[in-house]
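Since the structure comes first, as structure tokens, the remarks are kept for the end.
Everything numeric in this text was worked out from a predicted model, so none of it was measured.
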Amino acid sequence: MKQTRMEKDSMGELQVPADALYGAQTQRAVNNFSISQRTMPPAFIRALLQVKAAAAKANKALDTLPARIADTICEVCDSLQQDRDLMQHFPVDVFQTGSGTSTNMNANEVIAKLASDKLGETISANDHVNCSQSSNDVIPTTIHISAALAVHGELLPALQHLSRVLEEKAGQVKGYCKTGRTHLMDAMPVRLDQTLGGWQAQIQQNIRQLQGLLPELLQVAQGGTAVGTGVNAHVNFARLFCEHLSQTSGLLFKPGDNLFALIATQDTAVALSGAAKTTAVSLMKIANDLRWMNSGPLAGLGEISLPALQPGSSIMPGKVNPVIPEAVAMAAAQVMGNDVAIGIGGQSGNFELNVMLPMIAANLLDSLALLSSSATHLADKAIAGFTVNGERLEQALHRNPILVTALNPVIGYLKAADIAKQAYQQQRPIVDVAEEQTDLSREELLRLLDPVKLTDGGI
């Protein structure tokens, strides 16, 4: 039988596992919330520990917490950050009280237990670790911190890496011209470097959108306490908190311009999720283009060959599938789904507090992590290594009747359409039919219909 110990909170006594670092409030949450068996992401918990350490340093400077207690809290937070088994101490389900109070108290209790053992005196989860704080400003602050760290430290570098790989690959394939497609149907020619350049432009736009949201993420709710008024917190607490947080995080955090808004709403998280969704849309577009271009190898387009990473079928020998683009497309779909949930969560800012904070935090960090990994996988395992099937490109390119579009300024749309129809029907090169149907010389037609020249635009 598992050993337990008795713990007490404001609601009474409760049995807690003897080896658990948390106390009664966490155990109540474990008992009450078992909806998903999904806990808060490690990135969120680590950011929460940074909040607790920065708060302790601010309280020490303001003499609202004895130095020995503040220092011990900081030491414990640093130690927990290094704990490889950190998450065993944070068992609370994501789907809990909407303020995230259970997760905040989980952290308070773990820190208090370790600090008490270390200092040899009782450290209170509420009075000491949670000094000058409320779950209502701690959790929104932690959402901003964890998201800012994920965007700055993981997602933006991953997207910048993808952009560089696209640029490098575009330089490598510049000599290849292919049939363009609109509505999945043959269209005017494009160069492969133009196609990859379009993808890179999408990623660069995503990068700019995400960078534009960082200043908002760096504003935090800490210091607003319960409803935004700052009750029970020193007037200088928010400023000192942000100074200490900035020193440890490497990002320049500052108190929010309006703490009421940051506690009552999650508009910045919703906006960031929207930018994440846009990035997911971009990655899915690129992934699906790669799948189409790789399709075949005989009955599809077969324009490129993606790296062969693993067998594609349990029954068809030799089959190789575009597994990385497929995986990225699924991850992108999940990000889009997360965005729907986050948008609904953002609507739940009832009066002075949003009450879907844990779900918003978990889904937002999930989206940022998925996009970071997806961008890296797409860059390194699909784009960097694909090869071009030049002969296949040439075969389709020169048989494309849509090339007749280049003759519009010379012979007119209707005449060009007649030539295109005849070329389609007779399965003949457009230059041969045009030579018969116009007064243009073959030399002039070859010049006008040169696919590579057409990719430069103009008349």
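A donor-acceptor pair is defined here as one N or O able to donate and one able to accept, closer than 3.5 Å; such a pair exists between the side chain of Ser372 and the backbone of Leu368. Side-chain atoms of Thr141 come within 3.5 Å of backbone atoms of Gln222 as a donor-acceptor pair (strictly under, hydrogens ignored). No donor-acceptor pair under 3.5 Å is formed between the side chain of Asn106 and the backbone N or O of Tyr22. Without hydrogens or angle criteria, Glu109 side chain to Thr26 main chain gives a donor-acceptor distance under 3.5 Å. A donor-acceptor contact shorter than 3.5 Å links the side chain of Thr279 to the backbone of Ala275. Under the 3.5 Å distance criterion, the side-chain polar atoms of Asp93 are matched with a main-chain donor or acceptor of Ser36. In this structure, Asp137 contributes its side chain and Thr225 its backbone to a donor-acceptor pair below 3.5 Å. Side chain of Lys57 to backbone of Glu243: no donor-acceptor contact under 3.5 angstrom is found. Within the 3.5 Å criterion, the main-chain N or O of Leu218 finds no donor-acceptor partner in the side chain of His144. Side-chain atoms of Glu444 do not come within 3.5 Å of backbone N or O of Ser441 as any donor-acceptor pair.
The nearest pair of heavy atoms linking Met356 to Gly345 is SD-CA, 3.4 Å. Listed here is the closest heavy atom pair of Leu240 and Ala58: CB-CB, 3.9 Å. Closest approach of Lys169 and Phe386 over heavy atoms only: NZ-O, 2.7 Å. Nearest heavy-atom pair across Ile324 and Ala382 is CG2-CB, 4.1 Å. Of all heavy-atom pairs spanning Pro189 and Cys177, the tightest one is CB-SG, 3.8 Å.
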*Step-by-step side chain to side chain contact (heavy atoms under 4.5 Å, CB included) determination, Leu407 to Leu445*: CA-CA 8 Å; Leu407 302 182; Leu445 286 168; 4.0 Å; yes

*Could you walk me through whether Val51 and Val220 pass side chain to side chain contact (heavy atoms under 4.5 Å, CB included), step by step?*
CA-CA 11 Å; Val51 168; Val220 297; over 6 Å; no

_Evaluation steps, side chain to side chain contact (heavy atoms under 4.5 Å, CB included), between Met293 and Leu192_ = CA-CA 11 Å; Met293 292 163 67; Leu192 265 182; 3.6 Å; yes

_Stepwise side chain to side chain contact (heavy atoms under 4.5 Å, CB included) check, Val404 with Val433_ = CA-CA 10 Å; Val404 78; Val433 178; over 6 Å; no

*Kindly determine whether Glu167 and Arg164 satisfy salt bridge (charged side-chain N to carboxylate O under 4.0 Å, His left out), including the steps that lead there.*
CA-CA 5 Å; Glu167 185 175 17; Arg164 286 192 299 271; over 6 Å; no

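Counting only residues at least two apart or on different chains, the side chain to side chain donor-acceptor pair (under 3.5 Å) pairs with a member in residues 292-310 are Lys178-Glu303, Arg181-Glu303, Ser305-Asn389. Evaluation of the side chain to side chain donor-acceptor pair (under 3.5 Å) test over residues 246-265, restricted to residues two or more places apart or in two chains, returns Gln219-Asp257. Note on residues 376-386: pairs passing side chain to side chain donor-acceptor pair (under 3.5 Å), not counting sequence neighbours, are His161-Asp380. Listed by first then second residue, pairs satisfying salt bridge (Lys or Arg N to Asp or Glu O under 4.0 Å) with a partner in residues 334-357 read Lys277-Asp339, not counting sequence neighbours. Each side chain to side chain donor-acceptor pair (under 3.5 Å) pair with one or both residues in residues 37-52, not counting sequence neighbours, appears once here: Arg38-Asn363, Lys52-Asn104, Lys52-Asn108, Lys52-Asn130, Lys52-Gln133.
Between the side chains of Asn338 and Gln334, a donor-acceptor pair is found at a separation under 3.5 Å.
Rounding to the nearest 0.5 Å gives a distance of 11.0 Å between CG of Leu440 and CG of Leu446. Taken from CZ in Arg84 to CG in Leu86, the straight-line distance is 13.0 Å, to the nearest 0.5 Å. Separation of atoms CD1 (Ile263) and CG (Asn354) is listed at 11.5 Å; rounding is to 0.5 Å. How far CD1 of Ile143 is from CD of Gln266: 4.0 Å, rounded to the nearest 0.5 Å. Note that the CG atom of Asn206 and the CG atom of Leu283 stand 7.0 Å from one another [nearest 0.5 Å]. For the atom pair CD1 (Ile342) and CD (Gln347), the distance works out to 13.0 Å, reported to the nearest 0.5 Å.
Every residue two or more places apart in sequence or in another chain was checked for a side chain to side chain donor-acceptor pair (under 3.5 Å) with Asp85, and none qualifies. Take Arg28 and apply the side chain to side chain contact (heavy atoms under 4.5 Å, CB included) test, not counting sequence neighbours, and it matches Asp9, Met11, Leu14, Asn32. Here Ser146 pairs with Phe44, Ala47, Leu365 under the side chain to side chain contact (heavy atoms under 4.5 Å, CB included) rule; sequence neighbours left out. Applying the side chain to side chain contact (heavy atoms under 4.5 Å, CB included) rule to Glu436 yields the partners Gln422, Arg428; only residues at least two apart in sequence or on another chain are considered. For Ala329, the side chain to side chain contact (heavy atoms under 4.5 Å, CB included) test picks out Met284, with sequence neighbours left out. Residues meeting the salt bridge (charged side-chain N to carboxylate O under 4.0 Å, His left out) test with Asp366, sequence neighbours left out: none.
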Residues 147-155 side chain polar contacts: donor-acceptor under 3.5 Å, at least two apart:
none

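Within a 6.0 Å sphere centred on CZ of Arg392, heavy atoms belonging to other residues, nucleotides or ligands number more than 12. Heavy-atom contacts from other residues, nucleotides or ligands closer than 6.0 Å to CD of Glu391 number 12 or fewer.
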